[in-house]
Amino acid sequence: MSEQFKQYDELSFTDDFLFCKVLENNEDLCKEFLTPDGIADDVSEELADFLNYLAGRGGSSSFVKRLDEAVNRAKGREEWRMEYMTLFMRDREKYEEGKAETRISIIRKMITQNYSKEAILALGFTAEEYAEAEKAPDEYSSKTT
C-alpha cells in the first residue's frame with residue numbers, strides 16, 4: 001500500500017457497525033477487504049472474534065453473542081423460512097432463465113460471425129437452442145427493457 005494511504009489502513013469495529021474506511025484521492029481508490037481466514041494479525045480482538053464467528057468458529061464477545069442470538073431467532077421463524085425459500089426458488093429460476101438467454105445470445109453472436117450450425121452444436125449447444133437463436137433475434141433484448 002502506498003504511503004499516502006497508510007493512515008487509512010485501519011478497520012473500525014463497534015458493537016453496532018463493522019466498516020472499512022475508504023479514501024478517494026484523485027484517480028486512486030483504496031479499499032480493504034476482510035476474510036475470516038486472513039493471515040494478518042492487525043485487527044482488534046472484537047473484529048477477530050467476529051471474523052471467527054463468520055468462519056463458524058464461534059465467538060465470545062458481547063456483539064458476537066448478541067448476533068448469534070439474533071441469527072438463532074431468525075432461524076426459528078417459520079414464516080421467514082418460507083419467504084426465504086420462496087425467494088431462493090424465484091432467484092434460482094431467474095438465474096436459469098438468464099443462463100438460457102445468455103446461451104442463445106452467444107449462439108446469435110456466433111451466427112453473425114458465420115460459424116456453421118455444426119460448429120456451434122459441436123461446442124455443446126443444443127439444436128433447440130440453435131433453433132431459438134435463429135427464430136427471434138431481438139426477443140431477449142426486448143425482455144430486459
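Keep in mind that this is a model prediction, so the values were computed, not measured.
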* Asked: Please walk me through it: do Glu93 and Glu96 pass side chain to side chain contact (heavy atoms under 4.5 Å, CB included)?
  -> CA-CA 5 Å; Glu93 182 179 301; Glu96 292 299 330; 5.8 Å; no
* To do: Take Lys94 and Glu97 through the salt bridge (charged side-chain N to carboxylate O under 4.0 Å, His left out) test and state the conclusion after the steps.
  => CA-CA 5 Å; Lys94 294 295 182 187; Glu97 287 174 11; 3.7 Å; yes
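- Hydrophobic clustering (ILVMFWY, side-chain heavy atoms < 4.5 Å, transitive): Tyr84 and Trp80 are in distinct clusters.
- Atom CG of Leu67 and atom OG of Ser62 lie 11.0 Å apart (nearest 0.5 Å).
- Residues Phe63 and Leu54 fall within the same hydrophobic cluster, defined by Ile, Leu, Val, Met, Phe, Trp and Tyr side chains chained together at heavy-atom separations under 4.5 Å.
- Glu79 CD: more than 12 foreign heavy atoms inside a 6.0 Å radius.
- Using a 4.0 Å cut-off between charged nitrogen and carboxylate oxygen, Lys65 and Glu69 do not count as a salt-bridge pair.
- The backbone N or O of Glu101 sits nowhere less than 3.5 Å from a side-chain atom of Ser105 that would complete a donor-acceptor pair.
- Closest heavy-atom contact between Ile107 and Ala133: CG2-CB, 3.5 Å.
- Here the CD1 atom belonging to Ile106 is positioned 11.5 Å from the CZ atom belonging to Arg108, to the nearest 0.5 angstrom.
- Contact of the Lys75 side chain with the Asn72 side chain is registered, since non-hydrogen atoms from C-beta on lie closer than 4.5 Å.
- Phe125 and Ile120 get closest at one heavy-atom pair: CD1-O, 3.4 Å.
- If you take CZ on Phe88 and CZ on Arg92, they are separated by 6.5 Å, rounding to the nearest 0.5 Å.
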* **Arg73/Arg77 under side chain to side chain contact (heavy atoms under 4.5 Å, CB included): CA gap, chis, key distance, verdict** => CA-CA 7 Å; Arg73 278 194 311 273; Arg77 291 225 152 134; 5.8 Å; no
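- Of the possible donor and acceptor atoms, one in the side chain of Asp49 sits under 3.5 Å from a partner among the backbone N and O of Ser61.
- Met110 and Ile104 fall into different hydrophobic clusters, where Ile, Leu, Val, Met, Phe, Trp and Tyr residues are linked whenever their side-chain heavy atoms come under 4.5 Å apart, directly or through other members.
- Between Glu132 and Lys135, the closest side-chain pair of non-hydrogen atoms falls below 4.5 Å.
- Among all heavy-atom pairs drawn from Glu129 and Arg103, the shortest one is OE2-NE, 2.6 Å.
- Val64 and Val71 fall within the same hydrophobic cluster, where Ile, Leu, Val, Met, Phe, Trp and Tyr residues are linked whenever their side-chain heavy atoms come under 4.5 Å apart, directly or through other members.
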